[in-house]
Undergrad: 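Mind having a look at this structure? Questions to follow.
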Amino acid sequence: MTDTTPPRNDAPLTGNDAITKAEEVAAATSGLNIPAFEGLPIADDTANLRYGPDIHEGLLALLPLVGVWRGEGIGNYPEATPSEDEAKNEHGDFAFGQQLIVSHNGENYLCWDSRTWRLDGDGSVTNPDVRETGFWRISPTDEIELLVCTSSGLSELYLGKPLNERAWELTTDVSLASPTGQDLGRSKRLYGLVEGTDLGWVEERDMSGEFVPRMSARLHRVVG
């Protein structure tokens, strides 16, 4: 089984160090936001809780996700065939970069926009990879719904619950591949705050009766 745990570049922080780091991140990111077009007659999206409309009270259990995050991770596509391996270099471990925008507009959902790109052994960008867009919703009893659609032709509905106020676990309930897409089987995702300032996530896929690690990353807050 391939280990896709994101690389750690730092030792675990002490409580005081974590607070100091959080303060430093807030000082660098709290005044930033995603661009907005002028003249929109309704509230625009915001990825910074200090700007724009107040976040809907129904989203408080998801509030820590709001922001713009960037970082790197490790992936492995167990579904890739040998021919795909030759054509796309998609088989085996690979490094990738990611930008994730989680925003809101005052309504009772979060907007989700993920972009990834491949990295070579030196950390240089080689080509764009999968894009993903969707929405997070959550019920009054904290039942989470994540609806996502990918540039690879896959639409999925994830269901789950918060593990605590800093972590969320989801499993696919429905998955639909387009005629040119590929069914990737059931999926589990875990998202969580790491040391109070970073966002870590792991995705596993059930391709043949058991869940296998597929992608994971650790992202740093750059807005919010």
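The analysis underlying the following values was restricted to heavy atoms, covering all of them including side chains, and did not include hydrogens, waters or symmetry mates.
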Undergrad: Is there a path of hydrophobic side-chain contacts, each under 4.5 Å between heavy atoms, that joins V174 and V148?
TA: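 No, V174 does not connect to V148 through the hydrophobic network.
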Undergrad: CG of D54: more than 12 outside heavy atoms within 6.0 angstrom?
TA: no
Undergrad: At their closest point, which heavy atom of Y51 faces which heavy atom of S30, and how far apart are they?
TA: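 Closest approach of Y51 to S30: CE1-O, 3.6 Å.
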Undergrad: Taking the side chain as every heavy atom from C-beta outward, state whether Q99 and V222 have any pair of such atoms under 4.5 Å apart.
TA: no
Undergrad: In terms of relative ring orientation, are F135 and Y109 parallel, tilted or perpendicular, with 30° and 60° separating the classes?
TA: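 Taking Y109 first and then F135, their aromatic rings stand perpendicular (interplane angle over 60°).
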Undergrad: Any sub-3.5 Å donor-acceptor pair from W69's side-chain atoms to V102's backbone N or O?
TA: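 A pair under 3.5 Å: no.
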Undergrad: Run the salt-bridge test on K161 and E143 with the 4.0 Å N-O cut-off and return the result as yes or no.
TA: yes
Undergrad: Output, in order, the C-alpha distance, side-chain angles, deciding distance and verdict of side chain to side chain contact (heavy atoms under 4.5 Å, CB included) for V25 and H220.
TA: CA-CA 9 Å; V25 170; H220 311 289; over 6 Å; no
Undergrad: Return yes if a side-chain donor-acceptor contact under 3.5 Å exists between T46 and N33, otherwise no.
TA: yes
Undergrad: Carefully, step by step, assess D198 and L193 under the rule side chain to side chain contact (heavy atoms under 4.5 Å, CB included).
TA: CA-CA 6 Å; D198 293 348; L193 296 186; over 6 Å; no
Undergrad: What's the shortest heavy-atom distance between P53 and G106, and which atoms?
TA: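 Shortest heavy-atom contact: CG-N, 3.7 Å.
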Undergrad: Would you say the side-chain atoms of Q98 and S114 include a donor-acceptor pair closer than 3.5 Å?
TA: yes
Undergrad: Looking at W112 versus Y158, is the centre-to-centre ring distance below 6.0 Å?
TA: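 For W112 and Y158, the ring centres are not under 6.0 Å apart.
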Undergrad: To the nearest 0.5 Å, tell me how far T171 OG1 sits from E156 CD.
TA: 11.0 Å
Undergrad: So does R205 get a backbone contact from the side chain of S187, meaning a donor-acceptor N/O pair under 3.5 Å?
TA: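 A pair under 3.5 Å: no.
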Undergrad: Let me confirm one number: the OG-CZ distance from S124 to R118, rounded to the nearest 0.5 Å.
TA: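 Nearest 0.5 Å value for the OG-CZ distance: 15.0 Å.
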Undergrad: Determine, using the 4.5 Å side-chain heavy-atom cutoff (strictly less than), whether L199 and L49 are members of one ILVMFWY cluster.
TA: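 Yes.
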Undergrad: At what distance, to the nearest 0.5 angstrom, does CG of D45 lie from CD1 of I42?
TA: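 So the gap between those two atoms works out to 8.5 Å.
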Undergrad: Tell me, with the steps shown, if I138 and L110 meet side chain to side chain contact (heavy atoms under 4.5 Å, CB included).
TA: CA-CA 9 Å; I138 186 167; L110 295 180; over 6 Å; no
Undergrad: Could you report the tightest heavy-atom contact between D122 and D120, atom names first, then the distance?
TA: N-OD1, 2.9 Å
Undergrad: Under a single-linkage definition using a 4.5 Å side-chain heavy-atom cutoff for Ile, Leu, Val, Met, Phe, Trp and Tyr, are L146 and L63 assigned to the same hydrophobic cluster?
TA: yes
Undergrad: Please report the closest heavy-atom contact between E107 and H56, naming both atoms and the distance.
TA: O-CB, 3.5 Å
Undergrad: For S175 and L154, which heavy atoms make the closest approach, and how far apart are they?
TA: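 Minimum heavy-atom separation between S175 and L154: OG-CD1, 3.5 Å.
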Undergrad: Mind checking whether I55 and W168 sit in one hydrophobic cluster, side chains of I, L, V, M, F, W, Y counted as touching below 4.5 Å?
TA: yes
Undergrad: Tell me, with the steps shown, if W201 and L219 meet side chain to side chain contact (heavy atoms under 4.5 Å, CB included).
TA: CA-CA 9 Å; W201 65 268; L219 312 177; 4.1 Å; yes
Undergrad: How many angstroms lie between atom CZ of R221 and atom CG of L100, to the nearest 0.5 angstrom?
TA: 10.5 Å
Undergrad: Tell me the closest heavy-atom pair linking A217 and F96, and the distance in Å.
TA: CB-CZ, 3.9 Å
Undergrad: Tell me whether L170 shares a hydrophobic cluster with M215, the cluster being built from Ile, Leu, Val, Met, Phe, Trp, Tyr side chains joined at under 4.5 Å.
TA: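 Linked, L170 and M215 end up in one cluster.
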Undergrad: Apply the side chain to side chain contact (heavy atoms under 4.5 Å, CB included) test between V223 and each candidate in V66, I101, V68; give the one that qualifies.
TA: V68
Undergrad: So do the side chains of N76 and R214 get within less than 4.5 Å of each other, counting heavy atoms only?
TA: no
Undergrad: Within this structure, what is the CG-OH distance for the pair L65 and Y191, rounded to the nearest 0.5 Å?
TA: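 Rounded to the nearest 0.5 Å, the CG-OH separation comes to 9.0 Å.
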Undergrad: Taking atom CD as the centre, does E165 end up with more than 12 heavy-atom neighbours from other residues, nucleotides or ligands that are less than 6.0 angstrom away?
TA: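 No - once you tally the heavy atoms of other residues, nucleotides and ligands closer than 6.0 Å, there are 12 at most.
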Undergrad: Kindly compute the distance separating OG1 (T172) from CG (L157), expressed to the nearest 0.5 Å.
TA: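 Here the rounded value is 8.5 Å.
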